[in-house]
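In what follows, a structure is listed as structure tokens, so that the remarks can point back to it.
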Number of protein chains: 2
Amino acid sequence: MSVTAAKGFTAAGIAAGIKENGNPDLALVVNDGPRRAAAGVFTSNRVKAAPVLWSEQVLKSGQVSAVVLNSGGANACTGPKGFQDTHATAEKVAEVLGRGAIEVAVCSTGLIGVLLPMDKLLPGVETAAAQLSEYGGEKAAIAIKTTDTVHKTSVVTRDGWTVGGMAKGAGMLAPGLATMLVVLTTDADLGSETLDKALRAATRVTFDRVDSDGCMSTNDTVLLLASGASGVTPGYDEFAEAVRAVCDDLGQQLIRDAEGASKDIRIEVVNAATEDDAVEVGRSIARNNLLKCAIHGEDPNWGRVLSAIGTTSAAFEPDQLNVAINGVWVCKNGSVGEDRDKVDMRYREVHIVADLAAGSETATIWTNDLTADYVHENSAYSS
Amino acid sequence: MSVTAAKGFTAAGIAAGIKENGNPDLALVVNDGPRRAAAGVFTSNRVKAAPVLWSEQVLKSGQVSAVVLNSGGANACTGPKGFQDTHATAEKVAEVLGRGAIEVAVCSTGLIGVLLPMDKLLPGVETAAAQLSEYGGEKAAIAIKTTDTVHKTSVVTRDGWTVGGMAKGAGMLAPGLATMLVVLTTDADLGSETLDKALRAATRVTFDRVDSDGCMSTNDTVLLLASGASGVTPGYDEFAEAVRAVCDDLGQQLIRDAEGASKDIRIEVVNAATEDDAVEVGRSIARNNLLKCAIHGEDPNWGRVLSAIGTTSAAFEPDQLNVAINGVWVCKNGSVGEDRDKVDMRYREVHIVADLAAGSETATIWTNDLTADYVHENSAYSS
């Protein structure tokens, strides 16, 4: 049910002709209220696409009536014309819905450095608006796919209220041109400050810790819209937990669909002095190409884990590090541990534990292996 | 001529049986004086191999009589026994040469987390010592190869004095298990402080800016030994230039032999506010897997360059960035520039210029493309 699982929302997904292959490429999500509260988090890349610059302004008011999303073009690095196109898209949505443009968030994904075919996109907005439906969530999720092999949705229902959402992205944080876009909706009756707090708390430990290839997109956007249509105001903790659960589920779906990946790797850093240390070490391991190749080769190469830990500024002593791969402590006290031949690497899920022996904090980062398929997919993307 | 091009040095390279395939795996370089001045730079990885920990201590005196190097095993993450093995190796060299063990530097390269076969290595030291020759430089260079397809040597001769050297490494900074080891020799009559200054100045702009896959080895070592046998004391600038030239040549040989690479990429960052900014931006571009795949696919994908620049903290405005690929300014003012179809990507050499328009500093980083062959080579390394 995606973004229309929560009451008060309609959505649509259509083929506007932005993608040359005729696949669906334009989605519209509309908040019919009574509330129109919203929060958003955006890429920290300093080179931001036009829709990100626009939507950041929109979110400042904490009010969003509609989100228009297109695949088939990122509208990034497109200069003043690109920003005008984003603005015109928001104006068009505002016009057909009878709302203000400043309440319309815009998301785009696809190739960088190419202007959008506005002659197809703007009529597409009218077509999508005509198809808005409380059953349109799936179609919207399908229309935002780029290199995704499946569309991604998730729903959590609690006592009288719901959080649902859709995501696109094939690997993350982010495959540059295969940006992560997420729209979450809820019918809980909450204001934008509560949404913002819950959304930031959730993304910090979910999407922000999914690191498929270490690259960061110009377009990443996560939005949370509340309609208040359930009439229920849940407690903050309960609500934040539900948002986190949906984000976690969608994040896992992104990892499982990562470009060319054959292994999903969960890196759990334990006994760190600080949570920041744990995240830094987790990311360093997740971004080590040599380790990612080794995992692809089903080689429990713990030396590459230690080598990656050694490049960080985290608190640890080299001769106290311990590493487990799929439950076998192959490295103990910075040296050879249990027999590496005991490690079973046959399955898609790989679990690495890095024990820093320096405190009691922990963090988990998810990544994928590095494969020839990843190379092939990303060598041919724009050609 | 390698490490024996300079007067006052002998070397040998033999097969000691450390490598199971019977290839050469043990090298010895001896400084016969009259001086035995030396300097060294080592990996900044905090997880350091036993030979690095040992050699760092040796270099503190500024005196090195001999260097013993083995391939076939990194002796990293091998605990107290590993350190004892390094110590025993230095003692053995000292014994056969009649020198002090504290003047013997040790370098190792190969798989992490495996103890060296000392029953083969120690007799090998005797064999190598018996074959020491002023013509042994090539054999020494061959004996330190791991995944290298060619051995690497370089010589610069000036007015009555010489700097020569050998290197191993197949891609750098560093392919984890395919560490970079470099031994440079000179017959210039200089003390260890001058050597240290010249070596650090040279490595800072050569080996430190070769970044094949962003990984950093536990074993990287660059040593510079001076015999004084020429009787000539060159001026500092002249000497530093010669050391830089040899380091530059060896660094380029490493890039050209990078694991599985099909493109050598020179990333020139210009008009940066500071040199540190230029280096940070160059590294970020060099480590962007998506760009490296695109270059492999002969795709001048400048959007990925901007995306990489955007993740740095360097001074720049997104709408003032310019990018040239092989001489074509495909990105101007952060947006679409000249026609990307004009970019000729057929050759192995690829030149990317990133213009930050924020100052007048510059830096050049060398890297390679990311290929299916890289994945294959590094998936199968230890299996």
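Just so we're on the same page: letters track the sequence lines, and every chain starts at 1.
- Note on A:A372, A:G113, A:A76, A:C77: by heavy-atom pairs under 4.5 Å with chain B, the leading option is A:C77.
- With chain B as the partner, the residue from A:L291, A:D319, A:N333, A:T312 showing the most heavy-atom pairs under 4.5 Å is A:T312.
- Each of B:I309, B:D373, B:T371 has some count of heavy-atom pairs under 4.5 Å with chain A, and the biggest count is that of B:T371.
- At a cut-off of 3.5 Å, with distance as the only test, a side-chain donor of A:D369 or A:S262 sits close to an acceptor on the other residue.
- Contact annotation for A:L115: neither backbone nor side-chain heavy atoms come within less than 4.5 Å of a heavy atom of chain B.
- Between chain B and the residues A:G79, A:G334, A:A308, the largest count of heavy-atom pairs under 4.5 Å involves A:G334.
- Looking at heavy atoms from C-beta onward, A:S313 lies in side-chain contact with A:E280 at the 4.5 angstrom threshold.
- Side chain to side chain, A:D85 and A:T78 fail the donor-acceptor criterion of an N or O pair below 3.5 Å.
- With a threshold of 4.5 angstrom between heavy atoms, B:I295 does not approach chain A through any atom at all.
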Derivation of the side-chain hydrogen bond (donor to acceptor under 3.5 Å, both in side chains) call for B:N45 and A:T311: CA-CA 5 Å; B:N45 198 309; A:T311 64; 5.7 Å; no
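- Ranking A:N289, A:V114, A:V336, A:V330 against chain B, the residue ahead of the rest is A:N289, based on heavy-atom pairs under 4.5 Å.
- Proximity of A:R209 to A:V279: side-chain heavy atoms (C-beta onward) are separated by under 4.5 Å at one or more points.
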A:K168 vs A:T109, side-chain hydrogen bond (donor to acceptor under 3.5 Å, both in side chains): CA-CA, chis, key distance, verdict: CA-CA 9 Å; A:K168 65 112 347 199; A:T109 176; 3.0 Å; yes
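- Put simply, of B:S284, B:G310, B:G82, the one with the most heavy-atom pairs under 4.5 Å next to chain A is B:G310.
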